[in-house]
Amino acid sequence: MEATTVLSEFASKTRLDDISAEAIAATKRHILDCTGVALAATAEPAGRIVVDITREQGGGPTATVLGTDLRTSVVSAAWANGSLAHLLDYDDTGFSHPTACILPAALAMAEETGATGADLVAAVCVGLEVFERMSSSGRQHEHVLRKTGFHPTSLYGCSAAAAGAGSIVGLNPKQMGVAIGLAAANAGGLTQHFGTWGKGIHAGNAARAGVTSVLLARKDYGADPAGLEGDYGFYSAFHGDGNYTLDKMADGLGTHWSIVDPGLTVKRYPCCGGNLRALDAAEALVVEHDIHFDDVERLEVDVHPDLLDVVRFHKPEDGFRGKFSIDYVIAAMLLDRRVDLDSFSDSYCSAPRMRAALDKTVVNAHPEWPDDRDSRRRTPVTITMKDGRTFTKQVDAARGSPGNPMTRDELVDKYRGCAARVLKGEGLERSIAALESLETIPSVKTLIDELSGA
């Protein structure tokens, strides 16, 4: 299967009119969500460093860093916005974290070229499709990749970002194949950085790789045409023989849209997606039974051992690592009946009340559970009260997931909570209106003006 050719022909030819209304609507929701999360990150210490570094490096003022008045090169803007979009681990998840890689690359190219909002929506949808097709071709091996240290976001994100950015500039199929293949040569990202600021730049690096590859391909730079499927290509290098299947890469391509099915999860909480079901279960228990911390003897969550390769920090000593600690997040839910950006500050983490809650929290690994995708995601929560009562809850579809989607109002409320760290008053509301009607905007530069935070 010539996977590079299949994807490059699709990405070079697909325009908004070719995409279903349902897929367009879903893509716009994820653009809104990812944009808000990136804006929130600019107000965080790590986000300010990303902006400072980008400013110091200079570059022609052709593209904007979201939430700032900084205009820089298209490559630097893609890197900065990608890093910001993934920094807080609040961006969408499902087939890893695609939008944080694709949107920043496509947005930077769209601003440079004066593309329309319709062009941007189509480009992001195309990138999402390429990402999921690449991911699903090796999905049976993906949990092994994570365990051995590779982060799928920045493996598939490079080529997906190239597809999105290449769509914006109208690469022909040959050029698109070069861009996708060259971008794949930049694939990487280490799970060692989970729970640190290092994870955020995985998406930034993918966005930068995508844009750089498109700039090269646009000038007819040459590369091997089998960058994905070749004997020494992407799949052979990262997955290994027998751990991927490319024969279904073209099935339904251009008619079955991955952003609709299987779809992506919009996170309610700014932490690893492996925590989401447990958090919803803990919230349901404390609200339904009016449970208070002082009345609790023990808080337990049962997990498959593979999940602990991701949410691997136990009783973390700093707040950011709490994003990848399942005992930390359910302890926070028990304390406050909420988990938000403030739940992961160092002061919150070190507070006596959090340390006391962690002392009551137990994570039980179950190696006897089946080694399948559903079992690896199970996270039932049990609360034992001091009076002996016990309450248990299992959530199969987290709120915000395709099986339990957020309402429009919930999604916009999340955006407001994030974007309000940078945008104020009428400007904030104008940004929502622009993002929700994105496909009608004559120039992406109009949207950028609303998101600059100037």
Side-chain angles (χ1 to χ4, degrees), residues 37 40-41 43-49 83 86-91 93 97 143 146-147 149 151 153 189-203 267-283 285-286 293 296-366 376-383 398:
V37 169
E44 295 287 321
R48 288 193 288 270
I49 293 173
S83 299
H86 193 44
L87 178 64
L88 302 179
D89 249 286
Y90 210 4
D91 51 312
T93 187
H97 301 279
H143 68 289
R146 286 193 178 91
K147 190 171 184 177
H151 184 197
T153 290
L190 301 175
T191 59
Q192 184 67 35
H193 292 297
F194 282 19
T196 74
W197 294 351
K199 185 172 184 280
I201 66 170
H202 291 177
K267 291 185 178 180
R268 291 182 67 207
Y269 315 103
C271 61
C272 176
N275 293 324
L276 302 183
R277 294 169 184 80
L279 276 168
D280 278 355
E283 181 186 47
L285 289 176
V286 297
F293 171 70
V296 173
E297 179 69 26
R298 188 170 62 257
L299 177 60
E300 297 178 78
V301 57
D302 295 288
V303 301
H304 192 284
D306 271 9
L307 185 60
L308 298 180
D309 290 327
V310 181
V311 288
R312 65 177 183 265
F313 300 106
H314 181 58
K315 294 180 170 42
E317 297 293 333
D318 70 80
F320 209 86
R321 284 198 186 276
K323 292 174 179 284
F324 285 80
S325 170
I326 198 165
D327 51 338
Y328 183 94
V329 297
I330 62 172
M333 182 62 77
L334 174 63
L335 286 173
D336 299 328
R337 298 190 180 191
R338 61 173 175 78
V339 170
D340 55 25
L341 291 170
D342 294 332
S343 304
F344 301 99
S345 68
D346 287 345
S347 59
Y348 184 92
C349 177
S350 62
R353 63 197 296 267
M354 171 50 87
R355 308 321 298 180
L358 284 169
D359 286 341
K360 293 185 177 184
T361 306
V362 177
V363 179
N364 302 313
H366 289 272
R376 289 195 292 268
R377 294 180 169 206
R378 286 185 60 202
T379 53
V381 172
T382 300
I383 298 178

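Counting from 1, the numbers follow the sequence of the chain as shown.
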With sequence neighbours left out, what residues match H151 under ring pair (Phe, Tyr, Trp, His ring centres under 6.0 Å)?
H86, F194, H202
Taking side-chain contact (heavy atoms from CB on, under 4.5 Å) as the definition, give me every residue that meets it alongside L308, ordered by chain and number, with sequence neighbours left out.
V303, V311, V363, A365
Measuring from atom CG of D336 to atom CZ of F293, what distance do you get when rounded to the nearest 0.5 angstrom?
10.5 Å
Would you mind reporting whether H304 and R376 have side-chain heavy atoms less than 4.5 Å apart?
yes
Mind checking the NZ-OG spacing from K315 to S325? Nearest 0.5 Å is all I need.
8.5 Å
Heavy-atom pair of closest approach, residues C349 and P316:
SG-O, 3.4 Å
Residues that F313 engages under ring pair (Phe, Tyr, Trp, His ring centres under 6.0 Å), provided they are two or more places apart
none
List the residues meeting side-chain contact (heavy atoms from CB on, under 4.5 Å) with E44, not counting sequence neighbours, and say none if there are none.
L88, R421
What's the spacing between L285 CG and T382 OG1 if we round to 0.5 Å?
8.0 Å
For D306, give me all partners under side chain to side chain donor-acceptor pair (under 3.5 Å), at least two apart in sequence or on another chain.
none
4.5 Å side-chain heavy-atom contact, I49 and W197:
yes
I'd like to know whether V310 forms a side chain to side chain contact (heavy atoms under 4.5 Å, CB included) with R146, so could you lay out the CA-CA distance, the side-chain angles of the two residues, the decisive distance to 0.1 Å, and finally the verdict.
CA-CA 8 Å; V310 181; R146 286 193 178 91; 4.0 Å; yes
List in chain and number order the residues that pass side chain to side chain donor-acceptor pair (under 3.5 Å) with S345, two or more places apart in sequence or in another chain; answer none if no residue qualifies.
S347
Looking at D340 and D342, would you say the former's side chain and the latter's main chain have a donor-acceptor pair under 3.5 Å?
yes
Is a side-chain donor or acceptor of K147 paired with a backbone partner of D309 at a separation under 3.5 angstrom?
no
Side chain to side chain donor-acceptor pair (under 3.5 Å) partners for D359, two or more places apart:
none
Might you point out which heavy atoms bring A331 and L358 nearest each other, and give the distance in Å?
CB-CD2, 4.1 Å
Derivation of the side chain to side chain contact (heavy atoms under 4.5 Å, CB included) call for I326 and T379
CA-CA 9 Å; I326 198 165; T379 53; 3.9 Å; yes
Decide yes or no for V329 and F344: does some side-chain heavy atom of the first lie under 4.5 Å from some side-chain heavy atom of the second?
yes
Please collect all salt bridge (Lys or Arg N to Asp or Glu O under 4.0 Å) contacts where either partner lies in residues 192-202, sequence neighbours excluded, each pair once.
D89-K199
Please name all residues satisfying side-chain contact (heavy atoms from CB on, under 4.5 Å) with R268, sequence neighbours left out, ordered by chain then number.
D280, E283, R399, M406
Could you tell me whether the side chain of T153 and the main chain of H97 form a donor-acceptor pair under 3.5 Å?
yes
Kindly compute the distance separating CZ (R298) from CD1 (I383), expressed to the nearest 0.5 Å.
11.5 Å
Working to the nearest 0.5 Å, report the span between CG of L335 and CD1 of I330.
11.0 Å
Between L276 and Y269, does the side chain to side chain contact (heavy atoms under 4.5 Å, CB included) criterion hold? Intermediate values first, please.
CA-CA 7 Å; L276 302 183; Y269 315 103; 3.8 Å; yes
Starting at CG of L279, measure out to SG of C272 and round the result to the nearest 0.5 Å.
10.5 Å
For Y90, give me all partners under ring pair (Phe, Tyr, Trp, His ring centres under 6.0 Å), at least two apart in sequence or on another chain.
none
Give me the atom names and distance for the closest heavy-atom approach of A332 to V339.
CB-CG2, 4.0 Å
Does any part of the side chain of Y328, heavy atoms only, come nearer than 4.5 Å to the side chain of M354, both counted from C-beta?
yes
Of all residues at least two apart in sequence or in a different chain, which pass the side chain to side chain donor-acceptor pair (under 3.5 Å) check with D302?
N364, H366
F324 and C271, any side-chain heavy atoms less than 4.5 Å apart
no
Listing request: all salt bridge (Lys or Arg N to Asp or Glu O under 4.0 Å) pairs with a residue in residues 317-335, at least two apart in sequence or in separate chains.
E317-R355, D318-R321
